[in-house]
> 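Structure provided below as structure tokens; questions to follow.
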Amino acid sequence: NWTVGGNEPSMAKPLLRIQRYFCRKPVRFFSLILLYLTAGSLVFLHSGFIGDSGSRARGGRVSAVASETGGRASLSDTRGIGIVSRVLRETHRPGRRIGPRWMRKSGRQGYSTERKGGDYASSWNRALKGRNAKEIDDGRAKYIGCHVDDTQKRALRGVSFFDYKKMTVFRCQDNCAERGYMYAGLEFGAECYCGHKIQAPNASESECNMGCKGEKSNMCGGANRLSIYRLELSQESARRYGSAIFKGCFHRPDNVTAALPFSAVIQNMSVDKCVDMCTEREKSLAVLAGDQCYCGFPTRLFSLHELEDEDMCLHRCPGEEFESCGNDKFFVVYQTQVQDNRCMDRHFLPSRSKQLVALASFPGAGNTWARHLIELATGFYTGSFYFDGSLYNKGFKGERDHWRSGRTICIKTHESGRKEIEAFDASILMIRDPYKALMAEFNRKYGGHIGFASQAHWRGKEWPEFVKNYAPWWASHTLDWLTYGKNIHVVHFEDLKRDLFVQLKGMVQFLGLEVSEDRLLCVEGQKDGNFKRSGLRKLEYDPYTPEMRQNIDELIRTVDTALNKRNMSGVPADYKPR
């Protein structure tokens, strides 16, 4: 035993000094913090060295990625402590794409060359190493095989998207579906390629052996090898043509020169060539009429409101065997990526309004979308009872104003208390099918404005609890506004989506503003804004139990009765219980 005294061992004195040092509380506290930070720094540096050595091992590959993307991804972007570079790239002329219905008829063999990649198995593969034909179909995509990919001549030549930290199979599929591509391919565990046509032969399944960076249980191709999926797109997404959107077949306008002022005759006409020409001329419409390409904007002379049967436009493009270019009487119309600026200017009201108009809705009923439409149609910012920084950053500049400022054309609110409702002088009341509204709000709650709740949330306790609490609110919200609101203008989400021009015109008139038809036509081309979820179906089963449906149907009947009692149109027939 050591004792304190003149004969204590030499080892005891230093220990006693340390003990006394740490007995001073402030000194002890700061010393421990210093030790903690020092230890953390060592771990941090260690991880950096490991990451750097890992990057050197794939240095050649990263350099190749950088060169393929025009220098937008540098070697340093993927090194060190895991800094991730995300790259989007559109090649100048992608392969053949999906377009009108006539290109997808079963009698035509428009994509027979694409199927050389192998049998479309009855499902998409969970991408484990032992792939076989007994794969599980999840309704989103079908795995069709491992394919060769050449950095000089890509198998899929549309958009590409890289994420060396969080890439997953579904994330790649989602990105490609959002842009209307038919195929999604994953390579090197972290690279996603999109395309409408597979332009490379099959490879052995064993060569697609690299786990996805964001989910090691799934395979994301290999070195110069693509795991390719055929996407099951929604009808709306399938109407895209790469960067352009198919609008339909339309009768030749009476005064074509006034309606579509720019035109040219193009040798070996194809959709690509016309879309490219109109994009270069900064026009939002590319219109094909045989070998003639017209460019312009939607106007009253060519409003795109009167669709013709697509069979009237059947006329093969000289430059592409499986595309239709219309004829001299019926035009094929595509919307380019050029923004129609006739409705993009927005301002605060020139003088403070004495009336407060609410844009009221249950959460998930399309309030943000309606704000986007109203701002484009009127040229004035909308306000909010709340403050959402993400909406402000997306361009909703009225978000920061106090809701009573009087500088905005209307004010978003989800409130349903009598006091809050009576604070407004008038209101546009948005109503949406509760089955859709509940799912939209659940996705927003757990996935953000354009994200999605995970399968774990849907199948866990969160969803039943959410429906139990929110479904009654859907009904009480509408009933309260009908009871306490002044000067109510009801807009059903489904009607607005189905007939945007007429419904939005009515909303502008209700706000006391003069209607500009050119602005409304412009809005139709920009209607989605930044808050539209992508085309892949996200849920492959009905999340509503019979008990949930019974309760929600009763709520729908209650709201329908209340609307009819006030001589307003009842709920739309497409979600009214039968």
Side-chain angles (χ1 to χ4, degrees), residues 234 236 358-374 382 384-386 388 391 410-416 421 427-453 463 466-482 485 488-504 506-507 510 523 527-529 531-533 537-539 542-544 548-549 551-564 566 568-578:
S234 68
E236 185 175 344
L359 178 61
S361 75
F362 173 79
N367 201 305
T368 301
W369 181 52
R371 289 179 68 186
H372 166 74
L373 298 176
I374 289 170
T382 59
S384 177
F385 193 79
Y386 321 98
D388 187 328
L391 292 182
C410 61
I411 298 102
K412 164 190 173 177
T413 178
H414 297 310
E415 301 302 308
S416 55
I421 293 173
S427 61
I428 297 172
L429 177 59
M430 292 278 297
I431 304 175
R432 186 182 186 184
D433 176 352
Y435 289 105
K436 300 290 180 60
L438 288 168
M439 293 177 71
E441 175 60 9
F442 190 73
N443 275 322
R444 188 207 63 79
K445 186 178 177 68
Y446 290 100
H449 284 289
I450 57 174
F452 295 87
W463 171 244
F466 178 86
V467 173
K468 178 182 176 182
N469 294 326
Y470 276 66
W473 181 22
W474 174 85
S476 65
H477 181 279
T478 299
L479 297 176
D480 285 351
W481 277 92
L482 292 176
I488 302 290
H489 178 72
V490 173
V491 176
H492 294 285
F493 176 91
E494 291 75 17
D495 292 341
L496 182 61
K497 189 173 181 181
R498 186 165 35 242
D499 195 1
L500 186 144
F501 188 90
V502 171
Q503 293 293 323
L504 189 55
M507 294 165 74
F510 179 77
V523 174
K527 63 181 181 181
D528 291 336
F531 294 93
K532 178 176 172 58
R533 291 182 173 90
R537 291 175 286 150
K538 295 301 180 298
L539 207 60
D542 182 1
Y544 293 100
M548 289 178 183
R549 287 191 168 275
N551 293 334
I552 293 172
D553 285 351
E554 187 58 39
L555 295 171
I556 293 174
R557 293 187 188 95
T558 302
V559 169
D560 187 55
T561 301
L563 289 168
N564 289 325
R566 288 161 178 78
M568 298 175 177
S569 58
V571 299
D574 51 2
Y575 68 84
K576 185 177 179 180
R578 292 174 175 80

> Determine whether Pro434 and Ile556 make a side-chain contact, defined as any pair of heavy atoms from C-beta on separated by less than 4.5 Å.
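Pro434 reaches Ile556 side chain to side chain.
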> Does Arg498 pair with Asp495 as a salt bridge, N-O distance under 4.0 Å?
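A salt bridge links Arg498 with Asp495.
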> Just to verify, what does Thr558 make a side-chain contact (heavy atoms from CB on, under 4.5 Å) with, not counting sequence neighbours?
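With sequence neighbours excluded, Thr558 shows a side-chain contact (heavy atoms from CB on, under 4.5 Å) to Leu479, Glu554, given in chain and number order.
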> Can you name the nearest heavy-atom pair linking Glu494 to Ile431, along with the distance?
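Between these two residues, the closest heavy atoms are OE1-O, 4.0 Å.
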> How far apart are the closest heavy atoms of Ser416 and Trp481, and which atoms are they?
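Smallest interatomic distance, heavy atoms only, reads CA-NE1, 4.1 Å.
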> Considering non-hydrogen atoms only, spot the tightest contact between Asn564 and Gly570 and give its length.
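That closest heavy-atom pairing would be OD1-N, 3.6 Å.
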> Parallel, tilted or perpendicular: which one describes the rings of Trp463 and Phe442, with boundaries at 30° and 60°?
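Because their plane-to-plane angle is over 60°, the rings of Trp463 and Phe442 count as perpendicular.
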> List the residues meeting side-chain hydrogen bond (donor to acceptor under 3.5 Å, both in side chains) with Asn367, not counting sequence neighbours, and say none if there are none.
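In terms of side-chain hydrogen bond (donor to acceptor under 3.5 Å, both in side chains), with neighbours along the sequence ignored, Asn367 is linked to Ser361.
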> Tell me, do Val559 and Trp474 make a side-chain contact under 4.5 Å, heavy atoms counted?
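When only atoms from C-beta onward are counted, Trp474 and Val559 do touch, with a gap below 4.5 Å.
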> Among Glu415, His414, Lys412, whose side chain to side chain donor-acceptor pair (under 3.5 Å) with Tyr386 holds?
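With Tyr386 as partner, Glu415, His414, Lys412 yield a single side chain to side chain donor-acceptor pair (under 3.5 Å), made by Glu415.
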> Quick one: are Arg557 and Asp560 in side-chain contact, heavy atoms under 4.5 Å?
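No, too far: nothing below the 4.5 Å cut-off.
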> Let me confirm one number: the CG-OG1 distance from Leu373 to Thr368, rounded to the nearest 0.5 Å.
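One gets 11.0 Å once the value is rounded to the nearest 0.5 Å.
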> Suppose we screen for ring-ring contact (aromatic ring centres under 6.0 Å, His included). Which residues come up paired with Tyr435, at least two apart in sequence or across chains?
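Tyr544.
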> Let me confirm one number: the CD1-CD1 distance from Ile374 to Ile428, rounded to the nearest 0.5 Å.
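Result: 4.5 Å between the selected atoms.
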> Rounded to the nearest 0.5 Å, how far apart are CZ of Arg432 and CH2 of Trp369?
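So the gap between those two atoms works out to 9.0 Å.
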> Indicate the atoms forming the closest heavy-atom contact of Leu563 with Ser569, along with that distance.
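Leu563 and Ser569 have their closest heavy atoms at CD1-O, 3.7 Å.
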> My understanding is that only residues two or more places apart in sequence, or in another chain, count here; which of them pass side-chain hydrogen bond (donor to acceptor under 3.5 Å, both in side chains) with Thr382?
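Result, side-chain hydrogen bond (donor to acceptor under 3.5 Å, both in side chains) vs Thr382: Arg371, Glu375.
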> CG/Leu482 to CZ/Arg566 distance, rounded to the nearest 0.5 angstrom?
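One finds 5.0 Å between CG of Leu482 and CZ of Arg566.
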> Of the non-hydrogen atoms in Phe493 and Ala365, which two are nearest, and what is the gap between them?
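Closest approach of Phe493 to Ala365, heavy atoms only: CD1-O, 3.5 Å.
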> For Asp499, enumerate each residue passing the side-chain hydrogen bond (donor to acceptor under 3.5 Å, both in side chains) test, keeping only those at least two apart in sequence or located in another chain.
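Expected list: none.
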> Atom CG of Leu438 and atom CZ of Phe466: how far apart are they, to the nearest 0.5 Å?
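Going from CG on Leu438 over to CZ on Phe466, the span is 5.5 Å.
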> Who are the side-chain hydrogen bond (donor to acceptor under 3.5 Å, both in side chains) partners of Thr413, not counting sequence neighbours?
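For Thr413, no residue satisfies side-chain hydrogen bond (donor to acceptor under 3.5 Å, both in side chains) once neighbours in sequence are set aside.
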> I need the Asp433 CG to His492 NE2 distance, nearest 0.5 Å.
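The NE2 atom of His492 is 11.5 Å from CG of Asp433, to the nearest 0.5 Å.
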> I'd like to know if Arg444 and Glu441 make a salt bridge, using a cut-off of under 4.0 Å between side-chain N and carboxylate O.
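Looking at Glu441 together with Arg444, the answer is yes, because their closest N to O distance falls below 4.0 Å.
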> Which heavy atom of Ile411 sits nearest a heavy atom of Ser384, and at what distance?
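Minimum heavy-atom separation between Ile411 and Ser384: CG2-C, 3.6 Å.
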